[in-house]
> 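This is the structure I want to talk about, given as structure tokens.
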Amino acid sequence: MTQEIIIAGFGGQGVLSMGKIMAYSGVMQDMEVSWMPSYGPEMRGGTANVTVILSDERISSPILQIFDTAIILNQQSMDKFESKVKPGGTLIYDSNGITHFPTRKDINIFHIPAAKEAGRMGNIKTFNMIILGGFLKIFPIMKMENVIKGLKKSLPERHHKLVPMNQDAINRGMEIVETVQTL
Amino acid sequence: MTQEIIIAGFGGQGVLSMGKIMAYSGVMQDMEVSWMPSYGPEMRGGTANVTVILSDERISSPILQIFDTAIILNQQSMDKFESKVKPGGTLIYDSNGITHFPTRKDINIFHIPAAKEAGRMGNIKTFNMIILGGFLKIFPIMKMENVIKGLKKSLPERHHKLVPMNQDAINRGMEIVETVQTL
Amino acid sequence: MAEIKLEDIIKPENLVFQKTKLFTDKPLSYCPGCGHGVVHRLILEAIEELGIESETIGVAPVGCSVLAYEFMNIDIAQAPHGRAPALATGIKRVYPEKFVFTYQGDGDLAAIGTAETIHACNRGENISIFFINNGIYGMTGGQMAPTTLPGMASSTSPYGRDVASMGHPLKMTELVANLPGTRFVARHAVHTPALVRKAKKAILKAFENQKENKGLSFIEIVSNCNSGWKMTPVKSNQWLTENMLEYYKLGTLKDE
Amino acid sequence: MAEIKLEDIIKPENLVFQKTKLFTDKPLSYCPGCGHGVVHRLILEAIEELGIESETIGVAPVGCSVLAYEFMNIDIAQAPHGRAPALATGIKRVYPEKFVFTYQGDGDLAAIGTAETIHACNRGENISIFFINNGIYGMTGGQMAPTTLPGMASSTSPYGRDVASMGHPLKMTELVANLPGTRFVARHAVHTPALVRKAKKAILKAFENQKENKGLSFIEIVSNCNSGWKMTPVKSNQWLTENMLEYYKLGTLKDE
Amino acid sequence: MAKVRGAIVVDVERCKGCELCIGSCPTDVLRMAVDVNGKGYHYAYMENPEACTGCVNCATVCPDTVITVYRIKVVD
Amino acid sequence: MAKVRGAIVVDVERCKGCELCIGSCPTDVLRMAVDVNGKGYHYAYMENPEACTGCVNCATVCPDTVITVYRIKVVD
Amino acid sequence: MGELRLMKGNEAIAEGFIRAGVDAYYGYPITPQSEVMEYLMAEKPEERTGMVVLQAESELAAINMVYGAACTGKKIVTSSSSPGISLMQESFSYIAGSEVPAVVLNVVRGGPGLGDIQPAQSDYFQSTKGGGHGDYRQIVLAPSSVQEMYDFVNLAFDLAFKYRIMVLILSDGAIGQMMEKVMLDEQKPRLTNQEIKDRFDSWALTGRTPGREHNIITSLDLDQENLERHNFHLQKKYKEIEENEVILEEVSLEDAEYVFMAYGTSARICHKALQIARKEGIKVGLLRPITLWPFPEKKVKELASKVKGFLSVEMSAGQMIEDIRLAVEGKTKVAHFGRYGGVIHSPEEVVAALKSKIIGG
Amino acid sequence: MGELRLMKGNEAIAEGFIRAGVDAYYGYPITPQSEVMEYLMAEKPEERTGMVVLQAESELAAINMVYGAACTGKKIVTSSSSPGISLMQESFSYIAGSEVPAVVLNVVRGGPGLGDIQPAQSDYFQSTKGGGHGDYRQIVLAPSSVQEMYDFVNLAFDLAFKYRIMVLILSDGAIGQMMEKVMLDEQKPRLTNQEIKDRFDSWALTGRTPGREHNIITSLDLDQENLERHNFHLQKKYKEIEENEVILEEVSLEDAEYVFMAYGTSARICHKALQIARKEGIKVGLLRPITLWPFPEKKVKELASKVKGFLSVEMSAGQMIEDIRLAVEGKTKVAHFGRYGGVIHSPEEVVAALKSKIIGG
Ligand SMILES: Cc1ncc(C[n+]2csc(CCOP(=O)(O)OP(=O)(O)O)c2C)c(N)n1
Ligand SMILES: Cc1ncc(C[n+]2csc(CCOP(=O)(O)OP(=O)(O)O)c2C)c(N)n1
Ligand code: SF4
Ligand code: SF4
Ligand code: SF4
Ligand code: SF4
Ligand code: SF4
Ligand code: SF4
Ligand SMILES: [Mg+2]
Ligand SMILES: [Mg+2]
């Protein structure tokens, strides 16, 4: 099993830390993982993206041109990454701020209204955990216990009290993810 | 014909400019010439030496380990260069300041009491021209007219009035050079 | 009083301020609220007002403003980190009649470029140096600069700049004002309209000095780095006023 | 009065001055009359008097004194041109209890090494910098230094230093005295017995400051370069007094 | 009595929502839009256009020079 | 009255003939030898040894530290 | 015993510095390696081990702080990326000439000039042939994972001290910036000053121990005969290193008809390319030099007489290929494939290049 | 028409700068090349031609003054010796990346480190492979006489402007310090500002001419795909230079069974060695590369299939030999002989080495 994922959105949406939790969850599950942020001055433009690879095998390049799965959290990222999903791959997005919806027919597309949901849950910070939940619903490649372990590893000790809230958000994400189109 | 010459003494004895006049004289005579000073911090110790090569052929290295002729003007230089004269070669020295006289038996040795003579002529600055005269007597490889041309070339215009005095000194050197030992 | 509609006001003949034509079409790459944009504009406005755009050669640094050449529609070279004053010297000496300026950040000018700065100033090169001091290395992600304030946190002084081990903030402007080679040395800021106007005057004067062969003008602009400081632009400017300006006093240090 | 013979005086018990044992046996390589020799001695005497020869690490420059390590019988490193303050910083930070000093010429410290000098001073490294200013590049054959006096001839300013194109002599000592990181900054000379004695005191104090963790001491010694100046030693010292000291005023600039 | 009236035009797509113009306006003309532009930034707009005197303050501090200012004299 | 008498020893082979000691001597003790040493330098010597007070001036300015100084107190 | 973490390569090596008992890090920020100093500063290593971390005013200052401190027998390190490393070349030559042990990390980015900040391997020549002046060498280690970023710290210092030589860890932006699993080992204690005196008093500047000669660190010898002798000594040492210290990784070379030769990030991609090619029935192996200098010349020579060709896969216009060709000496085909300027090749591209340049070429 | 003078190599090249119509020299003193700036200063070139001569505060400043001024389409030059050249490596990489024409003289001395100040050839790798970061090249010219020091100034500037590339004149302390005859030619006028605009307005910073786009000199491209394209362009240019600009001297190669390969001072000595060897009946020729990069690969290849061996004679531990071996590809014997650290081999030693390493080896 190998999952090559791009997560892309605005800085501040928790893109990098979502990737980190995924990666750490993979570690807890004894997978090979790599996490590679885009770095450099494009960060200045306010966008952030990270490539996460989860695999049973040694990982070659941490930097990829095309992906199994793209998790897309703003329009700029949609413009950039829709075309970079492998045929038969998966695109997951939150429609908040999206003006041009995905049009590809050769990939599986899912929608997670995470921003709205996070607003309703009264904590915008759980946004990325809701997305993660949706992803895990679609790809149940990691056990929840490992995800929680990963979450704990990636949080500083003093924030461990936030774990239950994050877990709730993950669960919520699993519930609200909706299929837009499947192959 | 190739003459590989080292001239060595104290800074201030006119070692470098004697070499330059030789070289320029060679140029006037259409020879190939090279002039290579020792450079760098040993100059700080007060010694100066220059390698002059006069030849009918293209000159390879301007830096040599052994010489056809050594013109030696102080004890330090004697210590350093006596052994570096090729067997059958020539050593020319001024005994002023020399404490250990040359001992080699396989080379031609000449003495020019130039310092004393320069003193007597009342111009210590002609010292190096007297030495040059001695050298030219031993090796009449350059015509006097070319030497004078070389002298002029190597002196700034405003010093050309000193040419006759220098010519006298060269002539004097030719007279006073004395054989110490010849093979 | 008749009602005046916006359309009545927004007409070419009523224009009182627009973007200088010396900006290229490219949107600035700086973070929201970054002072670099204002300083870019002031320099370009000064060049435009003096009508010297075809006589000006700029030198961009390494730093957030490394891309200044993308935005300034004048001939411009990008210098290795810290070496802009050397490039400017090289250019000005072979083109003494051109207007030559450098645009440099505090890391660029006050750290790696210290020697080039001091010596260009000391020789009194007839150039203008614009020095944007935001107390941090913006481009590389907010590391400590020589100008970082005591106690101020940065990514390489996460517990605050400790002067005992990291030294005091370096006041390059005061240093170069001490050199006989400098002619006009001033410190400005651009976070209020009044300060912007003052800074503009100084920048104009820096170019005028070149025309009159007066020698080196050195203009520091105390600016913000919202990303590096991890504050909103509005907070940054407040913090700047309260902290940076305490240490880096505004004013003309030298005008001969 | 009985006649006193020399043999009566020249006895071990009457010894009042001899060469410090911290000199190696090698004769100094300097030109006759060169001030480097005196400064070497004063530094070594200070180390001997403080009894810190096994606790001292020196840093020699590139310049005539590049061979200082041949003459000073202490542990010593030879630095790339201009970088001695960086080496000294590196050493002192890992051996804070050692005495660390640099010995640098004016080309080394005030030209290529400007950035390293300013920043070591600004950080207030707890080291001693001995700066031998002879207004010229001695080692390389008498080229102009940043410290060469206006009008002074050198091999790269054969018609005299022209301040309009070559800049004014750079007073590094004044510059670093302005930095809060420096603790003790003074300018001395060593061409008369009285001046030598004063210089010695300053050098001693520089080392004592390290012991007391007081921070950076910077001692400039205005010295001669007979070869570069093309004068006899006696003439040089006279010229030094009349010209160099006019520009480079002796005294303590800072002692906190 | 002569009075001045001003108006500004914000280049919405280039506004980065830094809000620096807001505080610089002496007559409290400006606000940030609830909407975002293509880059995701809230942008500045004239909330109280009548109060604008065309003083240019906002344009002066705008780091991205996205404000153009117009002014007329009105006779009261 | 107590008086001091001094004497110096010059390390002749290491003297570089710079003559700086000469001018530093308050009692005009020193002169340069007509002879040269192995390196070709005239070296300093005590021309007026009785005048030497052992004041160390000469040794203090000698760049090559070739002078050693001795001093005794003599009771007049 | 070990501790498993998910870390960036830059963080892993920084943690490696602390745990290896490094005495000081002197550095200057530059992308893509600024996390090294940032991590160290955040970790308060002065509290953890007494390690010194100082931000210098430039790379020139940093490498000369390293040079000074390394003269004292302590473990000293700096890190930078390509342009900053270029600034250090004079000092590298000094360090080589004066035989001081030191470790430098280069997280390579695209060039030439300011270039970009994406991963590249175009500093191979500079690293292995000597970007500074004079005849000298430095050991070059090329990690290809975050784990190796960490592991090579001890390896580098062991070699640096064994031969009194500079060791360059040649990484790239991908390995510096990516996070992977890394197993950390125990903290090594820093040597005490007394231990340093006991081990290195023959050469290190620790203050002249009573009874010994003063120690001098210099690269100067104005007598050319002496300097030549010193150079002979250096060359002898280099020969010794070439004979004893080659490290490499072999993948599927036993039956290989073709060889990918690649290091660092390129080697990871070749690993994948190898799997793809093998699936297609192409017998290709991978030779990954871990030491770029000393280069695994013998191994290449050995393979040269057996295989049908080498493909040198580099994120550069072709630099390592020269060392391959020097070892192969015309005995088999050698070609280069690479993307550069910050672009990384895909495994598929590598397979295609193998087919077109070697198999079909 | 010409004027015959006896000059040092350093003086001849300085006079060459003036007569070639160079616009500015920026430099910093270092032995054994300080005479270059000293000569220029004494000549008052600002009076002779309007040429600017400025002493910089360091080599770093000097090369960056060159970089800046060279961006304007003027003829700009600096000179230094090995340690100073090492300090310039970052800037060389910038100059390559941004494609600016410039000329640099390196009068090589013994290394590594501070080394000594005697002649050497140990900066060959640095010069030809790139001591800076990134994939780049610079043209390297190796004069072997004072006349060539003078002559190569025009050659260097012609190439620099033809390809917008840096040209390095790689000399050594012997050629810099020795005096030989040199025939000087006429003063070339400096280009006027208008002439520069006419010729170079497509790229040079001369002030934005009304009607044209602004010119930018940069080596930065943060988009790696673009930077790769730029690198492809550079590589293409380098290939073109390799094909068109090789310059070499051949001596007695027609019937040669053995070849001395040497440049600069070494080539002079080989010339003599050749005479000695020929007298003994050994058929040896001399191939002297005048361009070290581009290296005369074709010529070496051609000879490789004819001769019994190459002796690479270098004042270094063996650097150019790699380029020879790369061209020879095992087809014939290749050995290195050299003295180094500032020592120059004698012709007799060279002949002996030919016998022991090639003929008998
Ligand atoms: C030789 C070299 N060293 C380091 C860097 C990395 N670097 C790029 S910009 C910069 C500092 C930027 O800070 P500053 O000059 O203050 O400009 P700002 O971004 O704050 O405007 C550094 C260290 C580089 N590009 N080159
Ligand atoms: C990088 C480098 N540049 C230049 C030189 C040449 N160089 C040696 S010493 C020196 C200057 C010496 O002058 P100063 O520092 O004043 O010392 P002094 O000899 O006058 O005591 C120079 C330029 C060098 N060795 N290394
Ligand atoms: S990082 Fe700082 S200096 Fe750079 S653009 Fe952003 S706010 Fe401005
Ligand atoms: S050249 Fe000058 S500084 Fe150097 S030793 Fe001679 S007198 Fe002293
Ligand atoms: S022009 Fe002046 S009054 Fe009008 S909006 Fe701008 S700041 Fe406010
Ligand atoms: S200052 Fe400019 S960029 Fe900032 S919010 Fe106002 S209009 Fe937008
Ligand atoms: S010790 Fe004093 S009195 Fe005696 S010779 Fe020296 S200077 Fe003169
Ligand atoms: S000062 Fe010293 S070196 Fe100079 S003449 Fe006197 S004794 Fe000799
Ligand atoms: Mg900054
Ligand atoms: Mg000096």
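Every chain is numbered from 1, with letters handed out A, B, ... down the list of sequences.
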> How close do G/Ile30 and C/Thr140 get, counting heavy atoms only, and between which atoms?
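Reported closest heavy-atom pair: CA-CG2, 4.2 Å.
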> I'd like to know if the side chain of G/Gln55 and the backbone of C/Thr156 have a donor-acceptor N/O pair within less than 3.5 Å.
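Between the backbone of C/Thr156 and the side chain of G/Gln55 there is no qualifying donor-acceptor contact (under 3.5 Å).
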> Among G/Met37, G/Glu57, G/Glu35, which residue forms the greatest number of heavy-atom pairs with chain C at distances under 4.5 Å?
G/Glu57
> By a 4.5 Å heavy-atom criterion (distance strictly below it), what part of C/Thr114 contacts chain G: side chain, backbone, both, or neither?
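The answer is neither part of C/Thr114.
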> Under the criterion side-chain contact (heavy atoms from CB on, under 4.5 Å), I'd like the reasoning laid out for G/Glu38 against C/Gln143: C-alpha separation, chi angles, the key distance, then a yes or no.
CA-CA 8 Å; G/Glu38 290 170 1; C/Gln143 293 83 7; 2.5 Å; yes
> For the residue pair G/Met41 and C/Tyr159, establish whether any side-chain heavy-atom pair is separated by less than 4.5 Å.
no
> Determine, stepwise, if the pair G/Leu60 / C/Ile112 fulfils side-chain contact (heavy atoms from CB on, under 4.5 Å).
CA-CA 8 Å; G/Leu60 259 177; C/Ile112 192 169; over 6 Å; no
> How close do C/Gly107 and G/Tyr28 get, heavy atom to heavy atom, and via which atoms?
O-OH, 3.8 Å
> Using a cut-off of under 4.5 Å on heavy-atom pairs, state which of G/Leu114, G/Val53, G/Leu54, G/Val52 scores highest against chain C.
G/Leu114
> Counting only heavy atoms closer than 4.5 Å, note whether G/Tyr39 contacts chain C via side chain, backbone, both or neither.
neither
